[in-house]
Engineer: 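Before I ask anything, let me first share the structure, which is written out below as structure tokens.
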Amino acid sequence: MVLQARAEHSYKCASFVTVVRPCENAAMSKLILIDGSSYLYRAFHALPPLTNAQGEPTGALFGVVNMLRSALAARPEYLVFVSDASGPTFRHQQYPQYKAQRPPMPDDLRAQIQPMLDIVAALGVPILRIAGVEADDVIGTLALQAHAHDIEVIISTGDKDLAQLVRPGISLVNTMTQTTMDDAAVMAKFGVRPDQIIDFLSLTGDTSDNIPGVPKCGPKTAAKWLAEYQSLDGVIAHAGDIKGKIGESLREALPGLALSRQLVTIKTDVPLDGVVTSFVLGQPDRDRLHALYTRYDFKQGLRELDGDVAMPAAAETASAPASPSPASAPVKVQYSLVTRPETLQTWLDKARTASLLAIDTETTGLDSMQAELVGISLAVAPGEACYIPLAHVDPQTPADGLQLGLEPEAGRPPEQLPMQEVLDQLRPLLENPELAKLGQHAKYDMNILSRYGIRLQGLRHDSMLESYIWNATATRHDMDSLARLYLGHDTVKFEDVVGKGAKQKLFSQIDLDTASRYASEDADITLRLHQALWPKLESEPALRKVYDEIEMPLVPVLAGIEQQGVLIDVEELRRQSSELGKRILELQAKAHAEAGHAFNLDSPKQLQAVLFDELGLDAKLKTPKGQPSTNEEALEAIADSHPLPRLILDYRGLAKLRSTYTEKLPQMVNPHTGRVHTSYHQGAVATGRLSSSDPNLQNIPVRTREGRRIRKAFIAPDGWRIMAADYSQIELRIMAHLSADPGLLAAFKAGEDVHRATAAEVFGVPVEAVSSDQRRAAKAINFGLMYGMSAFGLARQLGVGQREAADYMSAYFARYPAVRDFMDRTRQDAQRDGYVQTLFGRRLYLPNIKARQQGLRAGAERAAVNAPMQGTAADIIKRAMIKVAAWLQGRDDARMIMQVHDELVFEVRADAIEAVQAAVVEAMSQAAQLEVPLVVDVGIGANWDEAH
DNA sequence: GTGGGCCCGTAC
DNA sequence: GACGTACGGGCCCACG
């Protein structure tokens, strides 16, 4: 085999002519070997599929360039970018099936290789690609050569196979996950020493490279064997001693293991002698870099070029994905503080004539139903923003607002325009639906303004929701995160302005100049985020539609629900609390008696010691961290062998109800309104659902009789009723629709009890003859399927054997074959596109869908199957909420007060029940046109419990 | 004191 | 390892 080393063609040979010899203190010098291929793959799968303005894919490119920048920040004496060359390698010759299972490289990835090499070369970084040799082998060879010269070697890679090279003086770093790997880390990660990694990989094999290894032998088994027999040869020598199925599997695999070992061994003797020290950083080609950065919208890089700054430290190189906005020049910033009537007039004029007005409120807290308005900021163009302080106080005023009376010289508040006058002048603008507004999490500002008598209208955009719809999982959607990601901009942090801990101030105590800088920036950045995100959404009609027709119209609806709040019977909860308290004390005393001493029943750690160490009970389950579990399932399993587990179970049930619900809810009653106002989060759930917090009203108990009593405390005012309307089996109906399975469609169209119908099919009995156990099993299958559950999980759920569960599932799929097709198709779509979507086009990206780690990938596949159903259900109820809210507009006899994923709850005046019920059922059942009817069940009562 | 990880449990 | 999506309480430890 002929190996020919050559420099990549586009690389200008500066580094090859400048040969630097290791000097006296060579032990201190450092070589960074960059595994370019692994990063390109990793970044491609990990990052959203970004494109530049021309539609060229750039996602992986950014990952690689960012990684490179952090390598440069370490200022190594030597570095080289190693990349695979195309064409077969010696491994293919040894083993024709090598990597035969790999799908061809996606076009979007292939298209990024040349740009990547161009940028690397323009940065002055030496590139090494050698025909017929994989990057791993080049890296292995260079690493050992450098090591022999006492040069510290850092291999920058996303590929853990390279762990076999680790030893003192050679370590791995993965800049995408911010992890480094030395001897100890290899030991911790794999459970074997670095010098055993080759044997380890030979045993486990590698499905993505089509290296067989020992079937059924995973990392755990391999590590166990190697701990016992030290090496692969040791394992082979003792193959006869290993018992069971896995032993047979090993003995069958023996003939192939030598080949496996050859394939996984990274070569360290590729002929490259003498080149290690020639890899030094050359001069960057600034013109070329400028052209490349511009073409691929790499703003951070451009800024560095323009600003003539050195490569920043790794921590500062946050990835800045492509933004189609061509203007990359720094924005000229002019913020003004409005404290005089003339200035206010100027800004009112600007605001009136702006095509889009960004608005942000500053307040004294996070609770939009209690916080006080402190000021308002506006932005009319990038960099052009103002802050209007309204309720700032003297900075010396104590945070709790109490005046002790000892200091009559309380400072005077800074000069500000009178709040009421400013609000009156702003009102016509803010309430004019024709003037388009923009916010970041504008629901909050809506709620605040509403409490000051301003009904914000004409809300056209919300940058938080733009980001959420563009990619729900790429980032959190708070302004700081978004500014960093989409603008490459570090915002002033709220905490830096107000301080934290005991010294934290209210925003009203911040001096006006500081406040103005912070608040104006908020409005300004909101506007700039919109300019970065909106072109992206516009370019994807389906996403734009979800944003325009679902998320944005929902904002005022949710604001209305939050402001309305729910009436709580505090006395009822107090009664329940005290009753629970008595029973909890009794159970606690009994539990202590059984244990023989007092201990904290709330402490899983102490409980575990009592149960498993002192009483010697069997620990049947482990927590994810390997501790003996004391969860419900684990306690249930040992409840027959000792009285204590049952006592704990009973205690837990009651303690949960008391601490989370009966004690907490009364504390959440707003003193001004006398009601409980939850917050609904529109950007929190990947699938498109809402979530609720402070308090969470979406997990109020209902399943047990004890828990259900809590719902009696959710009441209607005198003369009013609670009406609860919920979708019947909405996710299963969506599964029927999306899969178009004839059997499932027929069951729903006929209005059958779907679990009963499923049971009849699966167990082959007439519908009338289905037993309650059979129905229960069918229900578990139906639900489990939507969560991607395996036979193992079903078995556990039902308490039957795994074999039996598997039989149920195959019977199910035999009867409903289109369901299996649909799920397979969904997984394929996820593989191909990197995302799945709902019926209405909402997307969920699944970065882990191509992960090599089985667990991660399997998790992503389950999420992929679940998301279209859960997400479509979320879309449907959101559409229904918008319709219902439109119908309720202007009525004073009914209000929407809660959403619980598939249920809407209303307060309805007794005389309006019939009309409201008809309208709600109509809106909900017509919120989507599916192949099956959307059935809505309605209940009415004096409280939420009775309304079910 | 507080922030965060862990364990556990509630909902759909 | 094995069921998707959330929020939250109590414990407990690290940190300042």
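Just so it is clear: chains get the letters A, B, ... in the order the sequence lines come, proteins before strands, and each one is counted from 1. What you see below is based on every heavy atom in this structure, not just the backbone, and it leaves out hydrogens, waters and symmetry mates.
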Engineer: If you look at every strand shown and take non-hydrogen atoms under 4.0 Å, does A/Q606 touch a base, only sugar-phosphate, or nothing?
Structural biologist: sugar-phosphate

Engineer: Write out all pairs satisfying salt bridge (charged side-chain N to carboxylate O under 4.0 Å, His left out) with one or both partners inside residues 684-694 of chain A, taking only residues at least two apart or from two chains.
Structural biologist: A/R689-A/E731

Engineer: Any side-chain donor-acceptor pair under 3.5 Å between A/D602 and A/Y651?
Structural biologist: yes

Engineer: Say whether A/D875 and A/T872, considering side chains only, have a donor N or O and an acceptor N or O under 3.5 Å apart.
Structural biologist: no

Engineer: Which nucleotide sits closest to the side chain of A/R711: C/dT5, B/dC12, C/dC11?
Structural biologist: B/dC12

Engineer: Roughly, in whole Å, what's the span from CZ in A/F599 to C1' in C/dC11?
Structural biologist: 14 Å

Engineer: Between A/T660 and B/dG9, is there a contact of a side-chain N or O with OP1 or OP2 at under 4.0 Å?
Structural biologist: no

Engineer: Rounded to the nearest Å, what distance is computed from the CD1 atom of residue A/I648 to the C1' atom of nucleotide B/dC8?
Structural biologist: 13 Å

Engineer: Under 4.0 Å, heavy atoms only, any strand: does A/L690 hit a base, just the sugar-phosphate, or nothing?
Structural biologist: nothing

Engineer: Quick check on C/dC7: is either OP1 or OP2 less than 4.0 Å from any side-chain nitrogen or oxygen of A/S691?
Structural biologist: yes

Engineer: Rounded to the nearest angstrom, tell me the gap between atom CG in A/D945 and atom P in B/dA11.
Structural biologist: 13 Å

Engineer: To the nearest angstrom, how far is A/K779 atom NZ from B/dC12 atom C1'?
Structural biologist: 12 Å

Engineer: Of all the nucleotides listed (B/dT10, B/dC7, C/dC12), which has the minimum atom distance to the side chain of A/T623?
Structural biologist: B/dC7

Engineer: Nearest to the side chain of A/A686 - B/dT10, C/dC11, C/dA6?
Structural biologist: C/dA6

Engineer: Using a heavy-atom cut-off of under 4.0 Å over every strand shown, decide if A/A684 touches base, sugar-phosphate, or nothing.
Structural biologist: sugar-phosphate

Engineer: Given atom NZ of A/K622 and atom P of C/dG1, what is their separation to the nearest angstrom?
Structural biologist: 11 Å

Engineer: What's the gap between C/dA2 and B/dG5 when it is taken at their C1' atoms, as a whole Å value?
Structural biologist: 24 Å

Engineer: Taking atom C1' of B/dC8 as reference, at what distance in whole Å does atom CG of A/L657 sit?
Structural biologist: 14 Å

Engineer: Do A/R652 side-chain and B/dC8 base share a donor-acceptor contact under 3.5 Å?
Structural biologist: no

Engineer: Phosphate oxygens OP1/OP2 of C/dG1: is one of them under 4.0 Å from a side-chain N or O of A/S790?
Structural biologist: no

Engineer: Counting only side-chain heavy atoms from C-beta out, which of B/dG9, B/dC8, C/dG4 sits nearest to A/P604?
Structural biologist: B/dC8

Engineer: Which of these nucleotides, B/dC7, B/dC12, C/dC7, is closest to any side-chain atom of A/H681?
Structural biologist: C/dC7

Engineer: Would you mind telling me which of C/dG4, C/dG9, B/dC8 lies closest to the side-chain atoms of A/K664?
Structural biologist: C/dG9

Engineer: Once you apply a heavy-atom cut-off of 4.0 Å, does A/A867 come out as touching a base, just sugar-phosphate, or nothing?
Structural biologist: nothing

Engineer: Provide, to the nearest angstrom, the distance between the CG atom belonging to A/L601 and the P atom belonging to C/dC12.
Structural biologist: 12 Å

Engineer: What nucleotide, of C/dG9, C/dC7, C/dG4, holds the atom closest to the side chain of A/S659?
Structural biologist: C/dG9

Engineer: Looking for any heavy atom pair under 4.0 Å, which part of the strands does A/V865 touch: base, sugar-phosphate only, or nothing?
Structural biologist: nothing

Engineer: If you measure only the distance, is there a donor-acceptor pair under 3.5 Å linking the side chains of A/T623 and A/S629?
Structural biologist: no

Engineer: Which part of the nucleic acid, if any, lies within contact of A/Y661, taking any heavy atom under 4.0 Å across all strands shown: a base, the sugar-phosphate backbone alone, or nothing?
Structural biologist: sugar-phosphate

Engineer: Nearest-nucleotide wise, let me know which of A/N866 and A/N600 is further upstream toward the 5' end of DNA chain C.
Structural biologist: A/N866

Engineer: Nearest of C/dA2, B/dT10, B/dC12 to any side-chain atom of A/F792?
Structural biologist: C/dA2

Engineer: Measure from the side-chain heavy atoms of A/P701 and tell me the nearest of C/dT5, B/dA11, C/dG8.
Structural biologist: B/dA11

Engineer: So, A/R857 and A/Q854: side-chain donor and acceptor under 3.5 Å apart, yes or no?
Structural biologist: yes

Engineer: For the side chain of A/Q627, starting at C-beta, report the closest nucleotide among B/dC7, C/dT5, B/dT10.
Structural biologist: B/dC7

Engineer: Pairing donors with acceptors under 3.5 angstrom, does anything connect the side chains of A/E614 and A/H597?
Structural biologist: yes

Engineer: Under 3.5 Å, is there a donor-acceptor pair between the A/E572 and A/Q576 side chains?
Structural biologist: yes

Engineer: Between A/R703 and B/dT10, is there a side-chain N or O to OP1/OP2 distance below 4.0 Å?
Structural biologist: no

Engineer: Angle between the two end axes of the helix from B/dG1-C/dC15 to B/dC12-C/dG4, five base pairs per end, rounded to 10 degrees?
Structural biologist: 0°

Engineer: We want to know whether A/S467 and A/H477 form a side-chain donor-acceptor pair, criterion being a heavy-atom distance below 3.5 angstrom.
Structural biologist: yes

Engineer: Between A/S790 and A/R796, does any side-chain donor sit less than 3.5 Å from a side-chain acceptor?
Structural biologist: no

Engineer: Do A/S577 and A/T662 have side-chain atoms, one donor and one acceptor, less than 3.5 Å apart?
Structural biologist: yes

Engineer: Over how many whole Å does the gap from A/E903 atom CD to C/dA6 atom P extend?
Structural biologist: 20 Å

Engineer: Base, sugar-phosphate, or nothing: which does A/E632 touch, judged by heavy atoms less than 4.0 Å apart?
Structural biologist: sugar-phosphate

